[in-house]
There are 2 protein chains.
Amino acid sequence: MVVSVQTALPDFDPLFAALADHTRRDIVRRAISAEEGVLELAGHYPMSFAAVQKHVAVLERAGLITKRRVGRRRVVRTNLEALLVARRLLDQYEELWRARIDRMNELIAETAGAIDTGAKKESQR
Amino acid sequence: MVVSVQTALPDFDPLFAALADHTRRDIVRRAISAEEGVLELAGHYPMSFAAVQKHVAVLERAGLITKRRVGRRRVVRTNLEALLVARRLLDQYEELWRARIDRMNELIAETAGAIDTGAKKESQR
DNA sequence: AACTTATACAACCATATGGTTGTATCAGTG
DNA sequence: CACTGATACAACCATATGGTTGTATAAGTT
């Protein structure tokens with residue numbers, strides 16, 4: 001059984017960059033459920049085979065897809081793990097956001113007693 | 001109370017592109033909890049103020065941050081909604097992935113009776 | 001009003017990106 | 001082995017990106 005112990009700190013730059021293109025996102029989406037080769041994928045887009053092949057290469061370098069030989073084709077499959085890596089970062093941001101709201105609420109609670117006692121003007125350097 | 005009814009189909013390209021840069025992700029992270037102006041933000045990075053200002057502009061165009069005047073400064077705040085838009089897309093992909101696994105499992109169950117009845121060689125065009 | 005602080009923006013440069021066409025490689029098939 | 005199908009990759013081009021410096025504007029401060 002294969003258990004990758006924990007891939008080193010992920011390189012988010014190529015990951016998000018790969019997702020920043022409509023064609024590539026569509027390839028990712030297709031490659032989740034389908035089992036298409038590069039040529040078949042290329043059929044879906046209004047550009048040359050070579051262009052699509054380059055998009056696939058970008059996705060592969062970003063770790064978002066993998067290819068395996070099936071006959072003469074190289075079948076493209078989306079790598080869930082990479083999607084999760086990206087999602088986890090966004091989750092982390094969301095968590096930070098919640099933490100901030102919590103802190104603000106605490107602050108409001110603490111300050112509640114001071115309402116209408118004159119603490120109004122805010123210093124702004 | 002302000003309730004944006006539903007922003008039109010989100011433009012993922014600038015959103016993910018904005019996240020595809022380490023400096024910009026760091027600005028987003030900082031702007032979640034801090035209340036810094038552009039000049040203060042610039043202090044954290046080894047580049048000119050103008051460079052940081054351009055990064056902030058990219059983030060603003062992508063909808064990831066907003067600025068509001070506080071005194072003479074323009075304080076930068078992360079926009080949670082944009083983060084959620086990005087996360088939702090990744091959630092959708094994950095969901096597609098789960099659906100695929102489910103379908104595969106169903107297929108395996110259906111085919112289970114046919115085991116050892118000779119259905120082995122797989123056509124591959 | 002003059003000065004200072006904070007921000008914006010234009011012009012410029014080097015490199016990266018997204019597309020093209022053409023050529024090379026590589027695995028099945030007759 | 002020759003042929004075809006599928007992929008890879010190099011070379012090229014136009015535009016975008018990430019950085020720089022310099023100048024302009026806008027809001028507080030004295």
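Nothing here was measured: the structure is a model prediction, and the numbers come from that model. Convention: sequence-line order gives letters A, B, ...; per-chain numbering from 1.
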Output the rounded distance in Å from [atom1] ([X]) to [atom2] ([N]).
X	N	atom1	atom2	result
B/H55	D/dG19	NE2	C1'	8 Å
B/F16	D/dT17	CZ	P	16 Å
A/R61	C/dG18	CZ	C1'	12 Å
B/D21	C/dA16	CG	P	14 Å
B/L41	C/dA8	CG	C1'	15 Å
A/L59	C/dG18	CG	C1'	13 Å

Item checked: B/S48 vs D/dG19: side-chain N/O to OP1/OP2 distance below 4.0 Å -> no
Margin query: Quick check on the hydrophobic clustering: are A/V58 and A/M47 connected, directly or via other members, by side-chain heavy-atom contacts under 4.5 Å?
Written below: no
Checklist line | Structure string for DNA chain C in dot-bracket form, Watson-Crick and G-U at under 3.5 Å, | interchain | finding: ||||||||||||||||||||||||||||||
Going by the rule salt bridge (charged side-chain N to carboxylate O under 4.0 Å, His left out), which residues pair with [X] if we only count those two or more places apart in sequence or in a different chain?
X	result
A/R29	A/D26
B/R74	none
B/E94	A/R87, B/R98

Note to self: So if I define the base as every atom that isn't primed, P, OP1 or OP2, how would nucleotides 6-15 of chain D read as a B/S/- string at a heavy-atom cutoff under 4.0 Å?
What the structure shows: SBBB------
Note to self: For A/E81 and A/R88: C-alpha separation, side-chain torsions, deciding distance, then whether salt bridge (Lys or Arg N to Asp or Glu O under 4.0 Å) applies.
What the structure shows: CA-CA 10 Å; A/E81 197 48 50; A/R88 255 176 249 137; 3.0 Å; yes
Item checked: Value rounded to 0.5 Å, distance of CD1 in A/I101 from CD1 in B/I32 -> 10.5 Å
Check: How far does CZ of B/R30 sit from OH of B/Y45, to the nearest 0.5 angstrom?
Finding: 4.5 Å
Checklist line | Set of side chain to side chain donor-acceptor pair (under 3.5 Å) partners for B/R100, sequence neighbours left out | finding: A/E35
